[in-house]
Asker: 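Below: one structure in structure tokens.
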There are 2 protein chains.
Amino acid sequence: MDDLGQAGGTEPGDAPVRAARIQDVARLADVSTATVSRALATPERVSPEARARVLEAIAKTGYVPNPAARTLRSQKTYMVLVVLPDLANTFFSKILRGIEETLFEAGYGMIISDLDGSPEKEAHFAAFTAAGRVDGAILLNGHLFGQSREGEGQPARIGIPLVALCEAIPSADIPHIEIDNRAAASRMTQHLAGLGHRRITYVSGPANNILERERFLGFKDGLEAAGLPFDPALVIPGDYTIESGVAAGQGLVARTTRPTAVFCTSDEMAIGLMRTLLSAGLRVPEDISVAGFDDIEFAAVAEPSLTTIHQPRRELGQAAATVLIDLLQGRPAPKQIRLETELVIRNSVAPPG
Amino acid sequence: MDDLGQAGGTEPGDAPVRAARIQDVARLADVSTATVSRALATPERVSPEARARVLEAIAKTGYVPNPAARTLRSQKTYMVLVVLPDLANTFFSKILRGIEETLFEAGYGMIISDLDGSPEKEAHFAAFTAAGRVDGAILLNGHLFGQSREGEGQPARIGIPLVALCEAIPSADIPHIEIDNRAAASRMTQHLAGLGHRRITYVSGPANNILERERFLGFKDGLEAAGLPFDPALVIPGDYTIESGVAAGQGLVARTTRPTAVFCTSDEMAIGLMRTLLSAGLRVPEDISVAGFDDIEFAAVAEPSLTTIHQPRRELGQAAATVLIDLLQGRPAPKQIRLETELVIRNSVAPPG
DNA sequence: CTGAAAGCGCTAACAC
DNA sequence: GTGTTAGCGCTTTCAG
């Protein structure tokens, strides 16, 4: 590694440092540049002797192939774009790690696009992608480039493999890795109902969000399975953030008749909501039960610890990366993968009063 | 955007779709490829008429310059590598966002390297960098490539601008963006002492970590300023994670004589520690005060809410990116930037029982 | 202000 | 199994 960025074979002194090129290696190994290239890409097609000389020359020169040249010629970048709505959101970071490690093992790099709700950024990354800077993309944002919301407008045609992660993209025919949001939400709802809760508040995700729609459907499924009526007045809008959980909590505190349980569709909201309830002198779960969704790191150490739905975040990331790599390398890949969730029972939920 | 990835000017039908190249634009605008290139890079050196024709042809063809070709020729990638020890750590995500947005505005892309404690990954990214895939790098991991710990071995020579963020790199002569960890830790310690605490436990970061060293020095400074002796028995080792906070809490619970206050050098540890204390029936802050460091999102909604040191994370990221961009574009940049921290007083700290 | 032409460093076709 | 050669698409001299 000491020779990085240094031309090989010559002066160790202060001579102008120049990166070794394939020519330098070829000369040193006494073969053609084509053989050097082959020794690296398809070693089995090169004689053992030549290969050994090439390898030695590479070690001596510290040669590292120039990726721009390689990309220009082979039309492959070995880069994958990961598009996500919010990099600062805890929920994504572990998924990202799962993606990164899988890509890394397969020799791919990861470029991150934090959309941050900006259409300008989206256009930029669409152009970026179209320009061939990446071989494929993983979309965590629930829609294709240039398609602000489902149905509206034609998605730009991007000629590279795409994979949707977490948020399915309804109109697009691309592989999709997800959990069964509807079933999980139903399960949590039934858990609450099974404990005896009859008035259950639902704190939603952002309107029009596909996850939200699934979870909301699941909430209603659960209610129905438990023989409970659905009361729209019991729904509080949220957007998965801590702040919206705090706001939902404030609304609850202000009311005279309160639900006995609150199902928040993200742990962030649940933690923010519990905080507000506690500050107002209410007890959780004695006065009011609170459930979350996601099982982020902080759910287990919240006070009280949070009953929630566990999502295998790292595995979701790994699965998405694996599917994309298969696609990139021309292997068949499943159209859909559903990973199992788990109901995690902790201390924020108890039978009513 | 509808034309992305489609050759321009010809059939709208099912003809083989091919991305437009500079040649296509040149032909359509009736100029040479050189003029197209100049119209994009140095518009002032092209006649208004020619420029207009070129722009029109670009719009018509949906031309996007091929970055690989551009990089190969100009030796610039417009990509920046961000090296960090742990992508899943909450502390980094907001910093990352600050970096990303600043880079984006300047037209640079971001490639993330999650080291994850793996020397193999480190070697890979060193090669990656040496291969010229990025124009510069921001290092959040406290050491240079190939330099496992300060002092040991020669850092690989990477011929590109580097910026250290948060963790200074002692032996390296590169710009450094940070907070005054020592002063901040001293301030918190004095705050605790000022409230009347005499036995203050310190939960450390990882051994050999430069942040840890600074904060530890600050802790001792604060003790000294308050006229308190330093007792090594009051130091508990940690590593900034929730788990290590939980472990530290268990150690504390098991003791017969306990400190009246605990200064955790990360919010994650503080939250994990509070959780353990609370579960054991101890009250925070009545029985024991707990302070954190960083002011992550969850600090404000922890129960009790956490007294901590606020770090301007987004601004740190922005500052690092700004310095790097200045360097990349040949402008002078400061050798060091120190951003202000703030003592945030919430409910986890009170005078001793 | 503009065009012709020479590569940037590599891989893939094609010959042998 | 190996070498020769022709580009990948762009920027950048160098002339004019």
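Side-chain atoms are counted along with the backbone in the values below, which use heavy atoms only and exclude waters and symmetry mates.
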Asker: Just jot down the side-chain contact (heavy atoms from CB on, under 4.5 Å) partners of Arg97(B), sequence neighbours excluded, or say none.
Answerer: Asp86(A), Ala88(A), Asp114(A), Asp116(A), Glu101(B)
Asker: Of the listed nucleotides (dT2(C), dC10(D), dT4(D)), which one gets closest to any side-chain atom of Ser32(A)?
Answerer: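 The closest nucleotide is dT4(D).
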Asker: Thr61(B) side chain to Tyr63(B) main-chain N or O, any donor-acceptor pair under 3.5 Å?
Answerer: yes
Asker: Report the distance from atom CG of Leu72(A) to atom P of dT11(C), rounded to the nearest whole Å.
Answerer: 11 Å
Asker: Between Arg51(B) and Pro65(A), which is nearer to the 5' end of DNA chain C once each is assigned its nearest nucleotide?
Answerer: Arg51(B)
Asker: Which of the following nucleotides, dT2(C), dT11(D), dG7(D), is nearest to the side chain of Ala50(B)?
Answerer: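 From the listed options, dT2(C) comes nearest.
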Asker: Where each residue is assigned the nucleotide of DNA chain C containing its nearest heavy atom, which of Ile22(A) and Thr33(B) is assigned the position nearer the 5′ end?
Answerer: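 Result: Thr33(B).
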Asker: Given dC10(D), dT2(D), dT11(D), identify the nucleotide with an atom nearest to the side chain of Thr35(A).
Answerer: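 Looking only at side-chain atoms, Thr35(A) lies closest to dT2(D).
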Asker: Rounded to whole angstroms, how far apart are NZ on Lys76(B) and P on dT12(D)?
Answerer: 7 Å
Asker: Check the distance between dC10(C)'s C1' and Gln23(A)'s CD and give it to me in whole angstrom.
Answerer: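 Checked: the CD to C1' distance equals 10 Å.
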Asker: Walk me through it: do Glu100(A) and Lys121(B) pass the test salt bridge (charged side-chain N to carboxylate O under 4.0 Å, His left out)?
Answerer: CA-CA 11 Å; Glu100(A) 209 269 352; Lys121(B) 279 201 159 188; 2.5 Å; yes
Asker: dT2(D), dT2(C), dG9(C): which one has an atom nearest the side-chain heavy atoms of Arg21(A)?
Answerer: dG9(C)
Asker: From dT2(C), dA6(C), dA12(C), pick the nucleotide closest to the side chain of Arg73(A)?
Answerer: dA12(C)
Asker: Looking at dG3(C), dT11(D), dG3(D), which one has an atom nearest to any side-chain atom of Ala34(A)?
Answerer: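 Nearest to the side-chain atoms of Ala34(A), counting from C-beta on, is dG3(D).
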Asker: Taking the six-membered ring for Trp, are Tyr108(A) and Tyr78(A) parallel (under 30°), tilted (30 to 60°) or perpendicular (over 60°)?
Answerer: tilted
Asker: Between dT2(D) atom C1' and Glu44(A) atom CD, what is the distance in whole Å?
Answerer: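 It is 15 Å, rounded to the nearest whole Å.
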